[in-house]
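Below is one structure, written out as structure tokens; the observations come after it.
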Amino acid sequence: MQGSKLVAGLAVATALLVPGIAQAKTTLVEVQETSHAVLHNLEALGLDVTHEGETRTELMLHGPEDKQILEDAGYAYKVLIEDMEGANDAYLDSEDDHQERAERGIAPLSTLPTGRVAYRTLTDVNAELQQLAATYPDRVKLFELSKTSLLGKTIYGVEVSHNVATAGAKPSFLLSGAHHAREWPTVEFTLEFVWDLLLNDKPGDDASALLEKGKLIAVPVVNPDGYDLSRSMQNEQKRKNCRIAAGVIPTLADCTLAANVNRGIDLNRNYLPFWGGPGSSSSATASNTRGEAPGSEPEIQGMIDLLNKSNVTVAINNHTPDQRLLRAPSSSNEPDVVADEVAYEALLQRLSKNLPGWAAGPWTDVYYEASSTAEQQAYYAYGAFGFTPEATPGFSGTQTFHPPYQNVIDNYLGTGTRYANQTMRGLYYDAFAAATEADKHSVLTGTAPAGTTLTLSKSTTLDTSSTVWTTGQPAEVRAFPNTIAQSITVPATGRFEWHVNPSVRPSQYNATHLDESYTLVCSAPDGTVLERTTLKIKRGELANRSLCTTGNVGGTVPATLSLTLGVPATFGAFVPGVAREYDASTKADVISTAGSATLSVSDADTVNTGKLVNGAFALAQPLRAAASSPAAGAGSALAAVGGSANPTPLLTWTAPVSNDPATVAFKQAIAAGDPLRTGTYSKTLTFTLSTTNP
């Protein structure tokens, strides 16, 4: 590794939590079943499948409920460890002692960027993020997610880029850890990569090029409550957050009660798309409990808010321990072939070269099913390419999810016998590079006055799986809103280059894209909207716009509806005793400034409505009318003239018109037996031009 080791200020902190009074035991068992179908079934039952070997599958039973589920399903099992509590204390204490001595300069550092030799506590993580922002203020920006955890902990992250304060227009690579609390290596990998970029940010180095072109967004601990419980060894094998009951904010005491040790929400089953589908459970004690609704958990609300305001083009959500690199689709109710199949699969294969020998593919092909995952949110909400690496494989039992720390070092660097050339570092560098490549997303360039704010927004909905929401009611798909809103400030040059996700979004149902556009707004520094337009852009496209360039010259148009009738229509002479249909017409000139307008005709006569009259006599058959014009086209079909309360529509204009010449045609049918009185038959009609959209 190039770059100096950083050790100052990384002291091991004591746990924040106070040990609970009672701790329910976690039991490790094995079933001698290894087929893909059995694995899927065990996951569907909500059991905590922790190791899939060639001859057996291991499960952690977190209480009597899990044991009963396994027995009811008919699986024979063997107890490997009756109570896993304390099984890892010796090696973890040894590593912590080594870390303390390394920081004092009396023990060797590792080859990681920071030289660490032991897992960080939550206190370590938060202090380190603040240290990063203070040490590199031009390259690191500390932020907080919009929501705190259930127990009120702040969820911290950092943005890392050259000139980070003005890096909002750059394409972003998201790296996250600890959606699942016990997967400690994911926290280490995320933080080590941040240091890796900063310590190797030198001219000509890959790190410098990436920080110049793009931005890293890192959230090391998405699940701080669960991580703190796990890392402080109060509930070492905890996977989920601290939710005990839907809609109720728990206390720390609630979360540490023995009766609640197996409760909580799996945060990687709580995103919006396909919520409630295969690979998630409504059971309060299942390992993959999905929550009461999409985005019900504040930790995931915060992550969604972050994604909605950040142009993340590639995302890696770190997990352990199953030796895979996964992408969408992650559940069987997604399209087998997604809209960006070729590009998505090509990127997967490119990234997988950093992890030789690891299965790489959609969850549904190489793993079990899971619904409402981080990959589904990234892809179906934003068109971003999301991936899940399942790292530090090869361990079982108590060390499955966080093996001895040397394995973190080796898997990050691709060193040692177990992980030779299997490098998470290489994976992250390649994924960050892909995030900056214009063919993986979209680019908006152009000019606008310096200091103006450009905002791209789009309000859409994301569909759940077909799910039973109320007991006794049929399953249904529900749509949940999701609003993207991202902004940049135009630099002093007046020229901008903004890397964004495509506006045309992948369908949740087939291999097509939804025909969607962004709303693009240009605003003055005081917030005054100067221009509002739309932007439709596809993956790999570049759009160029000159914005906020319109002046204020103009004029006003008064509301106008004008109808000018021509010479009255006449049928000529009617011949008695002869069956015949007579034709007549007149002209009408129409002017309308309304958004839409309608021409109609009516007869105010309440006795012989719609009939020509000659004194006390009226024709037997009604007068019929129709009209046409160049702008309105052929109007309604020929129809009898109605009364004042029921006018006969003739023409409709769907836009303003000026001097549109309309022809009004009349027809009068006379049968051979219709009586005719000497004299003139006529009728005064009322023509009306009206609008409901002035």
Side-chain angles (χ1 to χ4, degrees), residues 171-174 271-275 277 294 304 307-315 326-351 361-365 371-387 431 434-445 455-466 477-486 498-520 533-545:
S172 297
F173 168 46
L174 173 66
Y271 286 95
L272 302 184
F274 299 105
W275 181 89
I304 292 174
L307 287 162
N308 283 339
K309 70 179 183 180
S310 307
N311 43 341
V312 171
T313 59
V314 174
L326 306 170
R327 70 162 176 90
S330 64
S331 63
S332 56
N333 52 6
E334 294 175 67
D336 290 334
V337 177
V338 298
D340 299 282
E341 181 69 28
V342 173
Y344 206 167
E345 179 63 19
L347 182 53
L348 174 79
Q349 295 305 320
R350 169 180 164 187
L351 298 181
W363 289 59
T364 48
D365 289 351
S371 296
S372 53
T373 62
E375 279 72 46
Q376 290 174 327
Q377 181 75 27
Y379 185 61
Y380 294 104
Y382 318 104
F385 294 128
F387 300 91
T436 69
E437 295 164 3
D439 65 339
K440 305 295 187 300
H441 52 273
S442 309
V443 183
L444 172 64
T445 64
T455 301
L456 278 177
S457 63
K458 184 174 68 164
S459 293
T460 60
T461 58
L462 294 165
D463 287 353
T464 68
S465 297
S466 182
V477 172
R478 292 187 180 179
F480 280 73
N482 190 64
T483 299
I484 299 167
Q486 303 173 6
W498 195 358
H499 294 254
V500 298
N501 284 308
S503 69
V504 290
R505 189 166 51 93
S507 168
Q508 289 184 238
Y509 298 100
N510 52 52
T512 62
H513 290 92
L514 303 177
D515 190 24
E516 296 177 349
S517 299
Y518 289 118
T519 296
L520 174 57
T533 185
T534 59
L535 173 68
K536 183 184 293 183
I537 192 166
K538 299 178 181 179
R539 192 181 310 279
E541 284 189 345
L542 184 148
N544 188 276
R545 296 285 182 91

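Positions are given from 1 along the sequence.
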**Q.** side chain to side chain donor-acceptor pair (under 3.5 Å) partners for Thr533, two or more places apart
**A.** none
Q. Which residues satisfy the ring pair (Phe, Tyr, Trp, His ring centres under 6.0 Å) test with Trp498, sequence neighbours excluded?
A. none
Q: For Ala479, check side-chain contact (heavy atoms from CB on, under 4.5 Å) against everything at least two apart and list the hits.
A: Thr461, Asp463
Q.
Please report the interatomic distance OG(Ser372) to OH(Tyr271), rounded to the nearest 0.5 Å.
A. 10.0 Å
Q) Do Phe387 and Tyr344 have ring centres separated by under 6.0 Å? A) yes
Q: Taking all heavy atoms of Pro506 and all of Gly383, pick out the closest pair and write down the distance.
A: CD-CA, 3.9 Å
**Q.** Counterpart residues, side chain to side chain donor-acceptor pair (under 3.5 Å), relative to Thr455 (two or more places apart)
**A.** Ser487
Q: Please lay out, stage by stage, how Glu437 and Arg350 fare under the test salt bridge (charged side-chain N to carboxylate O under 4.0 Å, His left out).
A: CA-CA 14 Å; Glu437 295 164 3; Arg350 169 180 164 187; 2.8 Å; yes
Q. Got a sec, which residues hit side chain to side chain donor-acceptor pair (under 3.5 Å) with Asn308, two or more places apart in sequence or on another chain?
A. Tyr382, Asn482
Q. Where is the tightest heavy-atom contact between Leu520 and Arg545, given as atom of each residue plus distance?
A. CD2-NH1, 4.2 Å
Q: Can you see which heavy atom on Ser507 is nearest to which on Pro335, and at what distance?
A: O-CG, 4.2 Å
Q) Does any N or O in the side chain of Thr313 come within less than 3.5 Å of the main-chain N or O of His441, such that one atom is a donor and the other an acceptor? A) no
Q) Between the side chains of Gln376 and Ser371, does any donor sit under 3.5 Å from an acceptor? A) no
Q. Among side-chain atoms of Thr364 and Glu334, is any donor-acceptor pair under 3.5 angstrom?
A. no
Q. Where is the tightest heavy-atom contact between Tyr509 and Val477, given as atom of each residue plus distance?
A. OH-CG1, 4.0 Å
Q.
Suppose the criterion is salt bridge (charged side-chain N to carboxylate O under 4.0 Å, His left out): which pairs have a residue in residues 502-514, not counting sequence neighbours?
A. Arg505-Glu516
**Q.** Set of side-chain contact (heavy atoms from CB on, under 4.5 Å) partners for Glu341, sequence neighbours left out
**A.** Arg327, Val337, Val338, Glu345
Q. If you round to the nearest 0.5 Å, how far is OG1 of Thr483 from CD1 of Ile304?
A. 11.5 Å
Q) Residues two or more places apart in sequence or in another chain: which of them pass ring pair (Phe, Tyr, Trp, His ring centres under 6.0 Å) with Tyr518? A) none
Q: Give, for atom CG of Asn501 and atom OG of Ser442, the distance between the pair rounded to the nearest 0.5 Å.
A: 7.0 Å
(Q) Applying side-chain contact (heavy atoms from CB on, under 4.5 Å), can you list everything that pairs with Lys536, at least two apart in sequence or on another chain? (A) Ser503, Val504, Asp515, Ser517
Q | Contacts of Thr512 that satisfy side chain to side chain donor-acceptor pair (under 3.5 Å) - sequence neighbours left out | A | Asn510
Q) Does the Gln486 side chain pair with the main chain of Ser457, one donor and one acceptor, at a distance under 3.5 Å? A) no
Q: With sequence neighbours excluded, tell me which residues meet side-chain contact (heavy atoms from CB on, under 4.5 Å) with Ala378.
A: Ala384
Q | Closest non-hydrogen atom pair, Ala434 against Val314 | A | C-CG2, 4.2 Å
Q. Ser172 and Ser310: side-chain donor and acceptor closer than 3.5 Å?
A. no
**Q.** Residues in salt bridge (Lys or Arg N to Asp or Glu O under 4.0 Å) contact with Arg539, at least two apart in sequence or another chain
**A.** Asp340
Q. Of all heavy-atom pairs between Gly277 and Ser465, which one has the smallest distance, and what is that distance?
A. CA-OG, 3.2 Å
